Participant: 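Sending over a structure as structure tokens; questions will come in a sec.
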Amino acid sequence: MEGNHRGSSGKATSGSAPCELAWAIARGDSSAIPALLRVLHPPVSAYCRARARDGGISFAEADRLALAACRTVLSELSSPAGANRNFATLVYEIVSGAVDRAIDGTSLDTAAHLRREVLIVRTIVGLDSEQTAAVLGISPGRVRLEQHAALQSLRAA
């Protein structure tokens, strides 16, 4: 992502980092909403589509889930509780929860679920191991370990 950019008015512009845009929205700057959606929607959509494939839902439904999740993120940013949370974690919890609710009957054991989440967040969404660790609430070392185990099981399959 590019660095933080602000126009002459001090408002966030489309080149701003997602966290800066989120803070701007939390402060009431509605002009930051389109810029945040342009940055937020592609990885949210990619995550939803990756999970949809395993859950037996269509890409069209995954795209609807992504859009609804983005709306929920915007709504949370406007609330006092959401404005004070780590942005990446907030987005992940909202999006993964939406997909989990849409995909009923699909249950993986805890280890398989974590490995799938690590692979999706690292390879499809594109977060590094430190960002993935923060989002999933585990250590960066555990992210690398789970990713290695997931890749080994895919190679063996």
Side-chain angles (χ1 to χ4, degrees), residues 1-103 106 113-144 146-147 150-151:
M1 287 286 157
E2 293 182 34
N4 300 335
H5 300 290
R6 296 194 173 275
S8 59
S9 66
K11 293 185 177 184
T13 62
S14 61
S16 297
C19 291
E20 282 296 314
L21 293 167
W23 276 106
I25 292 168
R27 289 189 308 267
D29 180 3
S30 61
S31 69
I33 292 172
L36 180 62
L37 286 175
R38 280 191 297 277
V39 174
L40 183 62
H41 189 263
V44 168
S45 181
Y47 176 86
C48 290
R49 283 178 168 222
R51 291 281 311 275
R53 184 173 183 186
D54 287 340
I57 62 175
S58 69
F59 277 0
E61 179 62 22
D63 290 342
R64 283 191 287 279
L65 281 172
L67 188 56
C70 286
R71 284 189 196 117
T72 304
V73 168
L74 292 174
S75 176
E76 275 295 309
L77 288 173
S78 301
S79 75
N84 293 324
R85 295 184 57 204
N86 176 287
F87 180 65
T89 303
L90 174 72
V91 171
Y92 173 76
E93 289 174 358
I94 289 170
V95 176
S96 66
V99 175
D100 287 344
R101 287 186 297 279
I103 302 172
T106 304
H113 177 77
L114 179 61
R115 288 176 183 161
R116 181 191 63 205
E117 291 299 299
V118 166
L119 275 183
I120 290 172
V121 173
R122 290 275 289 129
T123 61
I124 295 173
V125 175
L127 299 184
D128 64 29
S129 59
E130 287 77 21
Q131 293 167 325
T132 301
V135 164
L136 297 177
I138 59 178
S139 71
R142 176 97 186 264
V143 167
R144 291 185 286 275
E146 295 297 339
Q147 182 176 355
L151 291 172

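Position 1 is the first residue of the sequence, and the numbers go up from there. These numbers come from a predicted model, not from an experiment.
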Participant: Return the CD to OG1 distance between Gln147 and Thr123, rounded to the nearest 0.5 Å.
Facilitator: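 Answer rounded to 0.5 Å: 7.0 Å.
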Participant: Residues two or more places apart in sequence or in another chain: which of them pass salt bridge (Lys or Arg N to Asp or Glu O under 4.0 Å) with Asp100?
Facilitator: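 So Asp100 forms a salt bridge (Lys or Arg N to Asp or Glu O under 4.0 Å) with Arg51.
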Participant: Could you list the residues that satisfy side-chain hydrogen bond (donor to acceptor under 3.5 Å, both in side chains) with Asp63, not counting sequence neighbours?
Facilitator: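 Scan of Asp63 (side-chain hydrogen bond (donor to acceptor under 3.5 Å, both in side chains), adjacent residues dropped) gives Ser45, Arg49.
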Participant: Apply side chain to side chain contact (heavy atoms under 4.5 Å, CB included) to Ala150 and list each qualifying residue two or more places apart in sequence or on a separate chain.
Facilitator: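 Partners of Ala150 by the side chain to side chain contact (heavy atoms under 4.5 Å, CB included) criterion, ordered by chain and then number, come out as Arg115, Leu119.
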Participant: Can you name the closest pair of heavy atoms from Pro140 and Ala133 and give their distance?
Facilitator: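 Where Pro140 meets Ala133 most closely, the heavy atoms are N-CB, 3.5 Å.
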Participant: Checking Ser129 now: which residues fulfil side-chain hydrogen bond (donor to acceptor under 3.5 Å, both in side chains) with it, not counting sequence neighbours?
Facilitator: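 Counting only residues at least two positions away or on another chain, Ser129 forms a side-chain hydrogen bond (donor to acceptor under 3.5 Å, both in side chains) with Arg144.
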Participant: At what distance, to the nearest 0.5 angstrom, does CG of Leu74 lie from CG of Leu40?
Facilitator: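 Answer rounded to 0.5 Å: 7.5 Å.
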Participant: List for me each residue that meets side-chain hydrogen bond (donor to acceptor under 3.5 Å, both in side chains) alongside Arg71, sequence neighbours excluded, and say none if there are none.
Facilitator: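 side-chain hydrogen bond (donor to acceptor under 3.5 Å, both in side chains) check on Arg71 returns nothing, list empty.
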Participant: Output the distance between atom CD1 (Ile103) and atom SG (Cys48), rounded to the nearest 0.5 Å.
Facilitator: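 Spacing of CD1 (Ile103) from SG (Cys48) equals 8.5 Å.
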Participant: Taking side chain as C-beta onward, heavy atoms only, is Val73 less than 4.5 Å from Val44?
Facilitator: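 A side-chain contact is absent here, since even the closest heavy-atom pair is not under 4.5 Å.
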Participant: Taking the side chain as everything from C-beta on, heavy atoms only, tell me whether Arg142 gets closer than 4.5 Å to Leu114.
Facilitator: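 Heavy-atom side-chain distance check passes, below 4.5 Å.
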Participant: Which residues satisfy the salt bridge (Lys or Arg N to Asp or Glu O under 4.0 Å) test with Arg53, sequence neighbours excluded?
Facilitator: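 Residues passing salt bridge (Lys or Arg N to Asp or Glu O under 4.0 Å) with Arg53: none at all.
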Participant: Measuring from atom OG of Ser31 to atom CG of Leu21, what distance do you get when rounded to the nearest 0.5 angstrom?
Facilitator: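 Atom-to-atom, Ser31:OG and Leu21:CG are 9.0 Å apart.
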Participant: Within this structure, what is the OG1-CD1 distance for the pair Thr132 and Ile120, rounded to the nearest 0.5 Å?
Facilitator: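 Going from the OG1 atom of Thr132 to the CD1 atom of Ile120 covers 11.5 Å.
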Participant: Check Ala98 against Leu65 and note the closest heavy-atom contact, atom names and distance.
Facilitator: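 Taking Ala98 first and Leu65 second, the nearest heavy atoms are O-CD2, 3.9 Å.
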Participant: Check whether any side-chain heavy atom of Leu36 sits under 4.5 Å from a side-chain heavy atom of Leu77, and report yes or no.
Facilitator: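 When only atoms from C-beta onward are counted, Leu77 and Leu36 do touch, with a gap below 4.5 Å.
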Participant: For Glu130, give me all partners under side-chain hydrogen bond (donor to acceptor under 3.5 Å, both in side chains), at least two apart in sequence or on another chain.
Facilitator: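 Expected list: none.
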Participant: Flag the pair Tyr47 / Glu117 as yes when at least one side-chain heavy-atom distance between them is below 4.5 Å, and no otherwise.
Facilitator: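 With C-beta onward as the side chain, the pair touches.
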Participant: Return the set of residues passing side chain to side chain contact (heavy atoms under 4.5 Å, CB included) with Glu93 (not counting sequence neighbours), or none when no residue passes.
Facilitator: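 Testing Glu93 for side chain to side chain contact (heavy atoms under 4.5 Å, CB included), a comparison that skips the adjacent residues, returns Arg85, Thr89.
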Participant: For a 4.5 angstrom cut-off between non-hydrogen side-chain atoms, does Asp128 reach Gln131?
Facilitator: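 Yes; the side chains approach each other to less than 4.5 Å.
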Participant: Apply side chain to side chain contact (heavy atoms under 4.5 Å, CB included) to Val135 and list each qualifying residue two or more places apart in sequence or on a separate chain.
Facilitator: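 Checked Val135 against side chain to side chain contact (heavy atoms under 4.5 Å, CB included); matches are Ala88, Tyr92, Leu127.
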Participant: Under the rule for side chain to side chain contact (heavy atoms under 4.5 Å, CB included), what residues qualify as partners of Ser78, not counting sequence neighbours?
Facilitator: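 Counting only residues at least two positions away or on another chain, Ser78 forms no side chain to side chain contact (heavy atoms under 4.5 Å, CB included).
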Participant: Return the CD1 to CD distance between Ile138 and Glu146, rounded to the nearest 0.5 Å.
Facilitator: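 It comes to 6.0 Å.
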Participant: Which atom names give the shortest non-hydrogen contact between Ala24 and Ala32, and what distance separates them?
Facilitator: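 Scanning both residues completely, I find the closest heavy atoms to be CB-CB, 3.9 Å.
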Participant: Kindly give the heavy-atom pair with the smallest separation between His41 and Leu67, and that separation in Å.
Facilitator: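 For His41 and Leu67, the tightest heavy-atom pair comes out as NE2-N, 4.3 Å.
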